[in-house]
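Contents: one structure, followed by commentary.
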Amino acid sequence: MGRRSFRFVYIPADMAEPLQQWELEMPEGKEVECLINRLKKHFASCGPRKTEAQIRAQQADLLSRLPEGSNINPAVLDVATSLNMVENISLLSNARDNGFVGVNMYVDDEGSIRGLPRNVRASEIAHCCGKPLHVKGDAFLARVMDNGDDFDRLDLDLSEVSSSAAWVQQAQQQNERKRQQESGEALLERIRAGKAAGGAPPAAAAPAVRELSPAEAAKDEGNKAFKRGDWQEAATHYSRALELDPGMTAALNNRALCRCKLGQWAEAEADADGVLAAQPGNVKALLRRAAARKAQGRAEQAAEDWRAVLAKEPNNKEAAAGLANAAAAAADDGAQGQ
């Protein structure tokens, strides 16, 4: 048996309240969602409720993000704006060079909409980590290990919430490297576009040649066909890649998407199952399996996949919309049955 509980830190927005160390039971198989579900309850019980004006503004914002001409059931909008979501902010990314261990800050996704007060201490911690944020409402810090295949929650103690803590220093260095890399890439783009000061841009460097295995070459052909919108040809190339390398989960995941596009729902679900057998937390595979399950009339199983996505990525819009639509459909069915 693994660990059954973990420690994390609560940072109240109210400066009169001290920082606190909390501990939470971690049921087997619920390592991802146990914390999210606990924080949802906390955020739902704190702060003012949204006013009608705030809800209308939120719904208008959601509508503005949909493709032009989209029609959406008002009941779906009501469900979408009633979802109690938790925003996950990565302060220290779970990168390979730090053993895939990261530290996340969790806040109320609707903190700004609900007009919650600025959390000075949480904002300062984020700033020390190299992420200048204006955090609204209560916040929490927790440590995770996530290498894409395995996920675990590790202890984060109250004594570690300090600008001199090792993880804070590591986060600051990591985020600074990211900024420098992004700045360098932006400069390179300007040079390539001929916008750098000092005359004509330098001659373009010879493109690097990447040696592809036969399976990678087949997958690349599949990617090209997919970009052209030829789902059947793309699926054929991905199948060829899998014949050459049965362990190429990227090709299997891409074929699942092609089969969704082709309406081959049972085959798409089988491909997604294969990906998830190798990579249980693969978000793309979970979304594709959810779409396949929904199309086959298995709404509750689809909802399970959407919930698994939201536990891993609380702000995933596709999963949130899928779950909202499922809830609205269930409500309609219940009303018709009365």
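All values below were derived from every heavy atom in this structure, side-chain atoms included, with hydrogens, water molecules and symmetry-related copies excluded.
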Do Asp109 and Pro314 have side chains that get closer than 4.5 Å, going by heavy atoms?
no

Are Asp271 and Asn253 close enough that some pair of their side-chain heavy atoms sits under 4.5 Å apart?
no

With hydrophobic residues grouped by side-chain heavy-atom distances under 4.5 Å, do Leu24 and Val32 end up in a single group?
yes

Side-chain contact, heavy-atom cut-off 4.5 Å: Ile125 with Val161?
yes

List the atom pairs, donor and acceptor, that lie under 3.5 Å between side-chain atoms in residues 95-102 and the rest of the protein, sequence neighbours left out.
unit_1	atom_1	unit_2	atom_2	d
Asn98	OD1	Ala95	N	3.3
Asn98	ND2	Ser93	O	3.1
Asn98	ND2	Val101	O	2.3

Is the shortest distance from a Lys or Arg side-chain nitrogen in Asp273 or Arg289 to a carboxylate oxygen in the other one below 4.0 Å?
yes

Counting neighbours of NZ on Lys131 that are heavy atoms of other residues, nucleotides or ligands and sit closer than 6.0 Å, is the number greater than 12?
yes

Dump the intermediate steps for salt bridge (charged side-chain N to carboxylate O under 4.0 Å, His left out) on Glu304 and Arg307, then the final yes or no.
CA-CA 5 Å; Glu304 289 176 6; Arg307 282 192 284 266; 5.3 Å; no

pair Gln20-Val9: side-chain heavy atoms closer than 4.5 Å:
no

salt_bridge(Glu233, Arg228) N-O dist < 4.0 Å:
yes

Within the structure provided, determine whether Leu286 and Trp306 are in side-chain contact (heavy-atom separation under 4.5 Å).
no

To the nearest 0.5 angstrom, please state how far the OG atom of Ser239 sits from the CZ atom of Arg255.
4.0 Å

What verdict does the salt bridge (charged side-chain N to carboxylate O under 4.0 Å, His left out) test give for Asp108 and Lys136, after you've listed the backbone C-alpha separation in whole Å, the side-chain angles of each residue and the deciding distance to 0.1 Å?
CA-CA 8 Å; Asp108 188 340; Lys136 298 294 185 71; over 6 Å; no

Inspect the contact between Glu176 and Arg179 and indicate whether a charged nitrogen and a carboxylate oxygen are less than 4.0 angstrom apart.
yes

Could you walk me through whether Val107 and Val86 pass the side-chain contact (heavy atoms from CB on, under 4.5 Å) test, one step at a time?
CA-CA 6 Å; Val107 300; Val86 178; over 6 Å; no

Under a 4.0 Å threshold between the charged nitrogen and the carboxylate oxygen, would Lys219 count as salt-bridged to Glu216?
no

If we only count heavy atoms from C-beta on, is the Asp138 to Phe43 side-chain gap below 4.5 Å?
yes

Expected list for residues 139-146: side-chain donor-acceptor pairs under 3.5 angstrom, two or more places apart:
unit_1	atom_1	unit_2	atom_2	d
Arg143	NH1	Asp155	O	2.7
Arg143	NH1	Glu160	OE1	3.3
Arg143	NH1	Glu160	OE2	3.2
Arg143	NH2	Glu160	OE1	2.8
Asp146	OD1	Gly148	N	3.0
Asp146	OD2	Lys312	NZ	2.8

Glu269 bridged to Arg293 by N-O distance under 4.0 Å
yes

Please tell me if the side chains of Phe6 and Cys34 come closer than 4.5 Å, counting only heavy atoms from C-beta onward.
yes

Using a strict threshold of under 4.0 Å (side-chain N to carboxylate O), is an ion pair present between Glu221 and Lys224?
yes

Pair Glu124-Arg121, salt bridge (charged side-chain N to carboxylate O under 4.0 Å, His left out): steps then yes or no
CA-CA 5 Å; Glu124 288 178 350; Arg121 291 174 294 191; over 6 Å; no

If you define the side chain from C-beta out and look only at heavy atoms, does anything of Phe226 sit under 4.5 Å from Lys261?
yes

